[in-house]
Amino acid sequence: MIEIKLSSSPLDLQACMSFVASPAAGGIDIFVGTVRNRTKGKEVHRLEFEAYETMAISEMQKIADEAIDKFQVLKVAVHHRTGLLNIGEVPVIIAVSAIHRAAAFDACRFIIDTLKQTVPIWKKEIFADGEVWVNAHP
Amino acid sequence: MVTRLLIFGIAKDIVGSSATEIALPENATITDLKNILEERYPRLKQLSTFMIALNNQYATGDELIKSNDEVAIIPPVSGG
């Protein structure tokens, strides 16, 4: 069972945990991404996330499907934010339940690592003196 | 054939809009479209990569573009 969400309002950690909870689960692994205040020694004021919404949802679904195929996991929730986020706010939550913890850890890491490579979402770092789209240039 | 393009991230800044229309020859492929875009917007060539999505899927290059397809420019992603 999979829940994918793209939202312009704050993400709900408890909702992710409740979705993946299962009587069969021996554990839940949760990754929470947070907005960091520095990048390459430079102070970041906030981040702006933009998504190609329909495709971002279908790509997150594909990753969650793959995680369920690949690892012994029960349920997966992937929630991602769009819009302007301040330092400390949460752009992404991945929650995975599994019968045994190793599979939950492995699947959670696989999902966040793959999401960063394939899901059409873009982040712009906003500094005091300008802004930069992350990863855009070599 | 005129195809409507959706544009995101830094590509939106380069093109100057989040959507545009582009005239393509009949039987144009994704690679043809990329070549036309690079010629019209040379700054796209400076990006680490840029992909084209055809109907919400990453395209490989040989696909033919049809008139009602949803086509999008996907610059390097940075979610998470």
Side-chain angles (χ1 to χ4, degrees), chain A residues 4-7 11 31-36 39 44 47-63 78-83 85 89-94 108-125 130-138, chain B residues 3-22 29-31 33-35 37-80:
Chain A
I4 305 295
K5 194 170 169 185
L6 192 62
S7 171
L11 302 184
F31 174 79
V32 178
T34 55
V35 176
R36 184 174 54 224
T39 186
V44 175
L47 295 182
E48 184 177 356
F49 286 84
E50 179 185 336
Y52 178 11
E53 296 199 1
T54 52
M55 185 173 169
I57 288 168
S58 64
E59 288 293 318
M60 289 192 282
Q61 180 74 39
K62 270 190 212 167
I63 297 168
V78 183
H79 290 194
H80 205 297
R81 269 296 291 277
T82 57
L85 275 77
E89 284 196 278
V90 173
V92 64
I93 300 174
I94 318 279
C108 197
R109 185 175 189 122
F110 165 81
I111 293 167
I112 184 63
D113 288 352
T114 312
L115 180 152
K116 283 174 170 281
Q117 289 165 7
T118 65
V119 176
I121 296 176
W122 297 271
K123 115 177 104 208
K124 187 158 68 172
E125 289 165 339
E131 43 189 52
V132 171
W133 287 103
V134 176
N135 292 348
H137 293 102
Chain B
T3 299
R4 193 178 147 77
L5 267 181
L6 304 175
I7 311 163
F8 297 95
I10 193 170
K12 190 177 62 179
D13 295 348
I14 292 172
V15 171
S17 169
S18 61
T20 191
E21 290 189 337
I22 196 154
T29 64
I30 293 293
T31 303
L33 170 65
K34 281 191 86 168
N35 291 337
L37 287 170
E38 286 183 353
E39 198 170 311
R40 188 174 301 181
Y41 307 105
R43 283 173 60 210
L44 289 174
K45 287 191 276 193
Q46 295 164 5
L47 299 178
S48 307
T49 59
F50 83 93
M51 306 278 285
I52 302 292
L54 183 62
N55 301 321
N56 285 265
Q57 304 276 352
Y58 285 108
T60 55
D62 297 336
E63 298 92 336
L64 293 176
I65 300 169
K66 297 183 289 298
S67 52
N68 289 321
D69 283 340
E70 183 170 306
V71 185
I73 304 180
I74 311 286
V77 301
S78 51

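In what follows, chains carry the letters A, B, and so on, assigned in the order in which the sequence lines appear, proteins first and then strands, with residues in each chain numbered from 1.
- For the pair B:Ser78 (side chain) and A:Trp133 (backbone), a donor-acceptor distance under 3.5 Å is absent.
- In this structure, chain B has heavy atoms under 4.5 Å from both the backbone and the side chain of A:Val134.
- In terms of modelled atom types and a separation under 3.5 Å, the side chain of A:Trp122 and the main chain of B:Phe8 share no donor-acceptor contact.
- Listed options A:Gln117, A:Glu59, A:Glu48, A:Lys124 were ranked by heavy-atom pairs under 4.5 angstrom with chain B; first place goes to A:Glu59.
- Interface remark: A:Pro91 contributes side-chain atoms only to the contact with chain B (heavy atom separation under 4.5 Å).
- Both the backbone and the side chain of A:Thr54 come within contact range of chain B, each with at least one heavy atom under 4.5 Å from a heavy atom of that chain.
- To the nearest 0.5 angstrom, B:Leu54 atom CG is 10.0 Å from A:Met55 atom CE.
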Self-check item: Intermediate values then yes/no, side chain to side chain contact (heavy atoms under 4.5 Å, CB included), B:Lys12 and A:Glu50
Solution: CA-CA 11 Å; B:Lys12 190 177 62 179; A:Glu50 179 185 336; 3.0 Å; yes
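- Heavy atoms closer than 4.5 Å to chain A are found nowhere in B:Asn55, neither backbone nor side chain.
- With respect to chain A, the highest number of heavy-atom pairs below 4.5 Å among B:Pro76, B:Ser48, B:Ala11 belongs to B:Ser48.
- A search for side chain to side chain donor-acceptor pair (under 3.5 Å) contacts involving A:Gln61 returns A:Asp65, not counting sequence neighbours.
- Options A:Thr118, A:Leu115, A:Ile94, A:Val132 differ in how many heavy-atom pairs under 4.5 Å they form with chain B, and the most are formed by A:Thr118.
- Residue contact with chain B, scored on non-hydrogen atoms closer than 4.5 Å, involves the backbone and the side chain of A:Tyr52 alike.
- Looking at every heavy atom in both residues, B:Val77 comes nearest to A:Pro120 through CG1-CA, 3.7 Å.
- Within 6.0 Å of NZ in A:Lys5 there are 12 or fewer heavy atoms belonging to other residues, nucleotides or ligands.
- Neither the backbone nor the side chain of A:Ala56 comes within contact range of chain B, judged by heavy atoms closer than 4.5 Å.
- Contact annotation for B:Phe50: neither backbone nor side-chain heavy atoms come within less than 4.5 Å of a heavy atom of chain A.
- The parts of A:His137 that come within reach of chain B are both its backbone and its side chain, each placing non-hydrogen atoms under 4.5 angstrom from that chain.
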